[in-house]
There are 2 protein chains.
Amino acid sequence: MSPRIGLDLPTLLQTATEIADQKGMEAVTLASLAQKLEIKSPSLYNHVNGLNGLRTKMAIFGLEQLHHTLIHAANGRSGDVAIRAMSRGYVTFVRSHPGLYEATLQAPDPSDPEVQQAGKPIVDLVLQVLEPYGLNEEESLHITRGLRSLLHGFASLEQKGGFGLPLNRDESLDLLIETYLAGIQAKKSKY
Amino acid sequence: MSPRIGLDLPTLLQTATEIADQKGMEAVTLASLAQKLEIKSPSLYNHVNGLNGLRTKMAIFGLEQLHHTLIHAANGRSGDVAIRAMSRGYVTFVRSHPGLYEATLQAPDPSDPEVQQAGKPIVDLVLQVLEPYGLNEEESLHITRGLRSLLHGFASLEQKGGFGLPLNRDESLDLLIETYLAGIQAKKSKY
DNA sequence: TTGCCGAAACTAATGCCATTAGTTATAATA
DNA sequence: TATTATAACTAATGGCATTAGTTTCGGCAA
């Protein structure tokens, strides 16, 4: 009940990730992946549903890795301390896995159930960390969305070389986070 | 000193923009553009330096359009009012020109002088609008970077269907902006 | 041990794409 | 009217994804 030993999905994804991180997601082709794995590209269809299938699997894989990183960064903490740690973790992840992070946002169909399911734990983690702020459910969701926007925006612009100015980027990130946290406090005290 | 009348760059860019906005940037190929213009694809090389050249020109064009939108939105105002208006303008632009906005961030070489030069007026506009906050130069730059991160992040995630939850997106945006503005005020009063 | 079977590799072929080289046609100028 | 520069064209190449059909081999059952 088992064929030639050959290739398994984890090593396939790992190899694809290496290409993505080194040369960008656009360099991840079935041809380049097959070459690195020392097989012919049609053979990849035994493991993955074409290029779109590969991209979908990479998106899911990337979301899982990101979630793992964030869990580790938050490490049971909550509130401001946790948000600072998670934010650093998020940006560090993107810096060390630029291609895999790119894959995360490049799923051929973002509404794919498996992709959605891979993203959900991340949202849940942030919601959990926000609990001590005593926001109602809807507010929490908005604030979570905002935090994700801000982290994604920063990381994405940094990755794409969008920050032209000669200005320390870690300082920008810290100030951005602190400003957002201060804003949450300021708005909270208005009730 | 002039040949067959043929095609000019503005209509070429406009046509490319239509494809991008309707089907996404990945659908902008020399083949699809040539077909829509009713010419053969090699003829495009008379106007544009291959696909990379087209992408570069689209990035510049998109930045100019975005700048125009923001100028119009700010309309001489400054401070919180201007930032709210510009933020709405930014997101509205991305919603109505998703492909062109995508092009903006997909320049083959973001450090290309022409691309940098097209982005600079946007940064300058934001800096100008931030003047009444009385921040020093470095703070202003960090805050500008933060605002851009947050707007890009929100717009980009929204565009890519990254917001899975059934939650009003305009409310998320408003809260995000208000929180950031509140944060700026809160941090400012600490001095 | 031997034979079967399924899975994973393969080869061959197709069609789309970008790109290059070389050619033709035309509009303005001299 | 003849020249010239420019923008269109055709033809050809090579890389890519994808499909169809074939071969090979590891494990399980007889």
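Source: prediction; values computed, not measured. Computed from heavy atoms alone, side chains included, the values below leave out hydrogens, waters and symmetry copies. Within every chain, numbering begins at 1; the chains are lettered A, B, ... in the order of the sequence lines, protein sequences first and strands thereafter.
- Outside the 6.0 Å centre-distance limit, the rings of H97(A) and Y101(A) are not counted as a close aromatic pair.
- N52(A) places its CG atom 12 Å from the C1' atom of dT18(D), with the value rounded to the nearest Å.
- Side chain of Y180(B) to main chain of I143(B): a donor-acceptor pair is present (N/O by atom type, distance under 3.5 Å, no hydrogens or angles).
- A salt bridge links R88(A) with D174(A): the closest approach of a Lys/Arg side-chain nitrogen to an acidic carboxylate oxygen falls below 4.0 angstrom.
- Following rounding to the nearest Å, Q35(B) (CD) and dC16(C) (P) show an atom-to-atom distance of 11 Å.
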Considering only nitrogen or oxygen atoms on both sides, find all protein atoms under 3.5 Å from nucleotides 12-16 of chain D and state each distance.
none

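- Relative to the ring axis of F154(B), R145(A) does not place its NZ or CZ within 45° and under 6.0 Å from the centre.
- Here the P atom of nucleotide dA7(C) and the CD1 atom of I39(A) are 17 Å apart, to the nearest Å.
- Following rounding to the nearest Å, D8(A) (CG) and dA9(C) (P) show an atom-to-atom distance of 10 Å.
- Taking atom NZ of K40(B) as the reference point, atom C1' of dT19(C) lies 17 Å away to the nearest angstrom.
- The CG-C1' distance, from L9(B) to dA7(D), rounds to 14 Å in whole Å.
- For S43(B), no side-chain nitrogen or oxygen approaches OP1 or OP2 of dA7(D) to under 4.0 Å.
- You won't find any donor-acceptor pair under 3.5 Å spanning the side chain of N46(A) and the base of dA7(C), going by distance alone.
- E178(A) is listed as a side-chain neighbour of L181(A), based on a closest heavy-atom distance under 4.5 Å.
- The distance from atom CD of E26(B) to atom P of dC16(C) is 17 Å, rounded to the nearest whole Å.
- For E158(B), the side chain to side chain donor-acceptor pair (under 3.5 Å) test picks out R95(B), R169(B), with sequence neighbours left out.
- In this structure, V81(A) shares a hydrophobic cluster with no other residue, the cluster being traced through Ile, Leu, Val, Met, Phe, Trp and Tyr side chains under 4.5 angstrom apart.
- Atom CG of L44(A) and atom P of dT18(D) are 11 Å apart (whole Å).
- In the set dA9(C), dT11(C), dT19(C), the nucleotide with an atom closest to the side chain of S41(B) is dT19(C).
- For H47(A) and dA7(C), the shortest distance from a side-chain N or O to OP1 or OP2 is not below 4.0 Å.
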